[in-house]
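What follows is one structure encoded as structure tokens, with my remarks underneath.
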Amino acid sequence: GYTSNSQNIVHITNYNKNEYNGGNQNWDITLDRKGNVYIANNNGLLAFDGAKWQLLKLPVNTIIRSVTSDNNRIYIGSFEEFGYWEADSTKEWKYTSLIPLLGDIKLHNDEFWKIVKHKDYIYFQSFGTILAYNYKTIKPIKIPGSILFLLESNDRLFVQQINGGLYELVDHNLVFVPESKIFQDTEIKAITSLNSNEFLIGTSSKGVYKYDGN
């Protein structure tokens, strides 16, 4: 008999930095509801609508490390700076810093590497802090010490203490995941769900673990 192996052909377009007019390094990427692409770049926020590139620069002109789309806002994280871009009625981009909402909360050389939209909050995370923003106010989350990246999987949020175990963010409290001290000599890089109760936890040097949610 004759068997035909069909292949999906994926078209890939490469863009060099002379085309997008940004810096050498890209740190994070997100899509909005319309499919526009936004990239956290050394020189600012790159916006791409499929036809043309636009570079949006922060007033403080620092490297953008993280980016997340939420409705009409594009949230970014940088060095001691985070906020959002939003297009006005003339489709001009306007940046709003959320730093004024911090009040008495002090930053200590914080670089915001991760932004996660989870339920009714936007979480901004550095190695030294997690800040919860409810579109009106900002509240700090108490952390056990320096932390790695805030990771979302199956509608749950996890973060690892540096050289320590894994914690889950539950009602704005970090709850230690039992038996997770096995990760203290490695770094958790990714968590993905197999089903509603099982997760795969990928580490930097100890392989992949299967976790049953308990």
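Count residues from 1 along the sequence. Since we're looking at a predicted model, the values are computed, not measured.
- Of all the heavy atoms in Ile138 and Leu98, the pair that sits closest is CD1-O, 3.7 Å.
- Residues Thr203 and Lys189 form no side-chain contact, since every pair of their non-hydrogen atoms from C-beta on lies 4.5 Å or further apart.
- Note that the OH atom of Tyr84 and the OG1 atom of Thr96 stand 4.0 Å from one another [nearest 0.5 Å].
- A pairwise comparison of heavy atoms in Leu148 and Val159 identifies O-CG2, 3.5 Å as the closest pair.
- Of the candidates Tyr121, Phe82, Tyr123, Leu131 forms a side-chain contact (heavy atoms from CB on, under 4.5 Å) with just one, namely Phe82.
- No more than 12 heavy atoms of other residues, nucleotides or ligands sit less than 6.0 Å from atom CD of Glu179.
- Of the residues listed (Asp28, Asn21, Asn26), the one engaging Asn41 in a side chain to side chain donor-acceptor pair (under 3.5 Å) is Asn26, and it is the only one.
- For the residue pair Ser205/Thr186, the side-chain donor-acceptor check at 3.5 Å is satisfied.
- Side-chain contact between Asn109 and Phe127 is absent, with no heavy atoms from C-beta onward closer than 4.5 Å.
- Looking at heavy atoms from C-beta onward, Ile64 lies out of side-chain contact with Trp27 at the 4.5 angstrom threshold.
- Ser69 and Leu31 make their closest contact through CB-O, 3.4 Å (heavy atoms, listed as atom of the first residue, atom of the second, distance).
- One finds no salt bridge joining Glu92 and Lys94 here, because no Lys/Arg side-chain nitrogen approaches an Asp/Glu carboxylate oxygen to under 4.0 Å.
- Taking the six-membered ring where the residue is Trp, Tyr135 and Tyr75 present perpendicular rings, their angle passing 60° and hence far from 30°.
- Aromatic ring orientation, Phe176 versus Tyr167: perpendicular (interplanar angle above 60°, classes split at 30° and 60°).
- Between the side chains of Asp110 and Ser126, at least one donor N or O lies within less than 3.5 Å of an accepting N or O.
- When side chains are defined from C-beta on, Thr68 does not count as touching Ile122, because their heavy atoms never get closer than 4.5 Å.
- In this structure the side chain of Asp155 reaches within 4.5 angstrom of the side chain of Lys119, judged on heavy atoms.
- Aromatic ring centres of Tyr15 and Trp53: separated by under 6.0 Å.
- To the nearest 0.5 angstrom, Glu198 atom CD is 10.5 Å from Ser193 atom OG.
- Hydrophobic clustering (ILVMFWY, side-chain heavy atoms < 4.5 Å, transitive): Val60 and Trp93 are in one cluster.
- Under the 4.5 Å side-chain heavy-atom criterion for ILVMFWY residues, a single connected hydrophobic cluster contains both Ile191 and Phe149.
- Annotation for Glu81 and Ile99: closest pair OE1-CG1, 3.5 Å, computed over non-hydrogen atoms.
- Once rounded to the nearest 0.5 Å, the distance linking CG of Leu166 with OG of Ser180 reads 5.0 Å.
- For the pair Phe183/Ile201, a side-chain contact is recorded, criterion being any heavy-atom separation below 4.5 Å from C-beta on.
- Separating the CG atom in Asn71 from the NZ atom in Lys117 is a distance of 6.5 Å, to the nearest 0.5 Å.
- The distance from the CG atom of Asn195 to the CG atom of Asp212 is 10.0 Å, given to the nearest 0.5 Å.
- Using a 4.5 Å heavy-atom cutoff, the side chains of Phe158 and Gln160 are not in contact.
- Taking both residues in full, the closest heavy atoms of Leu150 and Ile130 are given as CD1-CD1, 4.3 Å, listed atom of the first, atom of the second, then distance.
- Atom OH in Tyr211 sits 10.5 Å away from atom CG in Asn197 (nearest 0.5 Å).
- For the pair Tyr20 and Phe48, the minimum side-chain heavy-atom distance is 4.5 Å or more.
- Of all the heavy atoms in Lys142 and Leu174, the pair that sits closest is O-CD1, 3.7 Å.
- Counting only N and O atoms by type, the side chains of Asn72 and Glu86 include no donor and acceptor under 3.5 Å apart.
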